Amino acid sequence: MWTTAEALTPARRPVLREIDELPGPPGLPLLGNMLQIDKPHIHQQVEAWARRYGPFFRFRLGRERLLVVADHVAMGIIFRDRPEGFRRTRRFRDVAAEIGLAAGVFGAEGEAWRRQRKMVMAGFDPRHLRAYFPSLVKVSRRLEARWRKAAAADASIDLQADLMRFTVDAISGLAFGADVNTLESEDNIIQRHLDKIFPAMFRRLLSPLPTHRWWKTAADRQLDRSVAEVNSAIEGFVTAARGRLVAEPERRASPRNLLEAMLVAADDPGSGINDAEVSGNVMTMLLAGEDTTANTLAWAIWLLHTHPACLQQARQEIDARAGDPDDWTPERFASLEYVEACANETMRLKPVAPSIVLQALRDTTVADIRVPAGTLIFGALRGDSLRDEYFESAERFNPERWLHAEPGREAGSANRVSMPFGAGPRVCPGRQLAMLEMKIALATLLGRFEVESVATADGSAPEERMSFTMTPAGLAMRLRERQR
């Protein structure tokens, strides 16, 4: 975004381009590029267009014109201009509300976002994470037991499903003080209902017509049931948390989880927090805490398995610094620098959010392009991360690049190009928890098991499939116990 033009004299002021002057894929009258869009692979399609038309181009979805920004510098400025200059789209807000999702900190805007952000950030205070660490280790023990049973039976493991169980259990304990224990249950667990929500949102966001308003498919009816089940579970979490606050009044001065902190804040007459915002943030934590971390872990495990030297180096660090689970501490996990580098490299190559769509709230500029208020911005976030201009041999999985500055590149530049958690004021508040969960899951896997295989049914690389987040399709894993 060019913010200094107003200070330049007319003779020196650069000439702005109009969006309609930009290149872009040819489309059809009225429909634009709608029929060309391959929804599960829209991120790859836009990345391919960026390689053809450059980092700034346009396309249309029906009546909606989108400006694509595939430049990390411009996207960094856009991120830093939230929430004043850009917000999530009105369509996102409307689809979420229609599904029945209250706006938590992920979807809130303006003053509601500021109020909730302060409340949520307090819940992710490092001291809070430290206090929860023993419970997180308990969840990892359940994951180990589940995988030990599969290894003993030489059974194939649905990798993504098991990792989602792990992340649901982890976030439920930390955020809500609830031991949902999906890892030891085969019943109709909350995870199965959560899994329906993001894909449904993605379908409706890209649907040219809201057909579900006129007739409901089986998937629409299942979505309604799933949202009702999750909202019922949330009501149970809130009721239990209020019960603890009544039974133990000292918790009000020192809440022990995020939900308790939110309820204390909501009960303050001056907080402005209402019950719908509390419920919205419970839903946000469940959805975001499950999907993003689990998918990143699945990609990381596949990448490590296909790069045995990196897997071995990560294992050696886990053995040397984390040790036996009985000895795990937050400090030991903070020292796992190579494992963290593996996670960062995974998120560079396989970000679960490779794109974001935002809407301009005022007339502004992006680079040298005039952007009227209301313009939709399609941020193609991964483009520069895969360019050799910014990363040496950019297509290669190389965790070392996160430990040492690459030749000709300044230290810290990788973090400015690869932004898996976003940037600016709305950077993901749960990023520290996500990194800790990933380290613990990888320590459980590499410290206790040998990975026999991680593969799709036909042995090909897993498909990148968008369903709000980018998932690896069809990964199965086989393990055997380590002999130590």
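Small disclaimer: the values here were computed from a predicted structure and weren't measured. Scope of the values below: all heavy atoms of this structure, side chains included, with no hydrogens, waters or symmetry mates.
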**OP:** Examine the side chains of Glu331 and Ser335 and answer whether a donor and an acceptor come within less than 3.5 Å of each other.
**Re:** no
Subject >> Arg251 to Leu245 - nearest heavy-atom pair and separation >> reply: CB-CD2, 3.7 Å
**OP:** Give the intermediate values and the outcome of side chain to side chain contact (heavy atoms under 4.5 Å, CB included) for residues Arg146 and Phe166.
**Re:** CA-CA 10 Å; Arg146 184 178 181 88; Phe166 168 73; over 6 Å; no
Original post:
Under 4.5 Å between any side-chain heavy atoms of Gln44 and Asp38, yes or no?
Top reply: no
Original post:
In terms of side-chain heavy atoms, does Trp402 have a donor or acceptor partner in Glu345 at a distance below 3.5 Å?
Top reply: yes
Subject >> Shortest non-hydrogen separation from Pro354 to Glu47 and the atoms involved >> reply: CB-OE2, 4.4 Å
Original post:
Considering all heavy atoms of both residues, which atom of Val339 and which atom of Glu317 are nearest to each other, and what is their separation?
Top reply: N-OE1, 2.9 Å
Original post:
Between the side chains of Asp319 and Gln316, does any donor sit under 3.5 Å from an acceptor?
Top reply: no
**OP:** Return the minimal non-hydrogen interatomic distance between Arg382 and Leu349, and the atom names on each side.
**Re:** NH1-O, 3.0 Å
Original post:
Say you draw a straight line from CZ of Arg244 to CG of Leu263; how long is it, rounded to the nearest 0.5 Å?
Top reply: 9.0 Å
Original post:
How are the rings of His72 and Tyr390 set relative to one another: parallel (under 30°), tilted (30 to 60°) or perpendicular (over 60°)?
Top reply: perpendicular
Subject >> Modelled atom types, side-chain donor and acceptor of Glu464 and His43, under 3.5 Å >> reply: yes
Original post:
Can you check whether Asn295 reaches Gln160 side chain to side chain, under 4.5 Å on heavy atoms?
Top reply: yes
**OP:** Output, in order, the C-alpha distance, side-chain angles, deciding distance and verdict of ring pair (Phe, Tyr, Trp, His ring centres under 6.0 Å) for Phe468 and Phe198.
**Re:** CA-CA 6 Å; Phe468 200 81; Phe198 269 167; 4.5 Å; yes
Subject >> Nearest heavy atoms of Leu297 and Ala441, plus distance in Å >> reply: CD1-CB, 3.7 Å
Original post:
So, Glu400 versus Gln313: side-chain donor-acceptor pair below 3.5 Å or not?
Top reply: yes
Original post:
Would you say the side chain of Arg88 lies within less than 4.5 Å of the side chain of Ile356, judging by non-hydrogen atoms?
Top reply: yes
**OP:** Using the side chain to side chain contact (heavy atoms under 4.5 Å, CB included) rule, take Arg242 and Val246 through it: C-alpha gap first, then chi angles, then the decisive distance, then the call.
**Re:** CA-CA 6 Å; Arg242 285 202 179 277; Val246 170; 5.6 Å; no
**OP:** Heavy atoms only: give me the nearest Ala241-Glu260 pair and the separation to one decimal.
**Re:** CB-CG, 4.3 Å
**OP:** For Thr306 and Leu303, indicate whether the former's side chain and the latter's backbone hold a donor-acceptor pair under 3.5 Å.
**Re:** yes
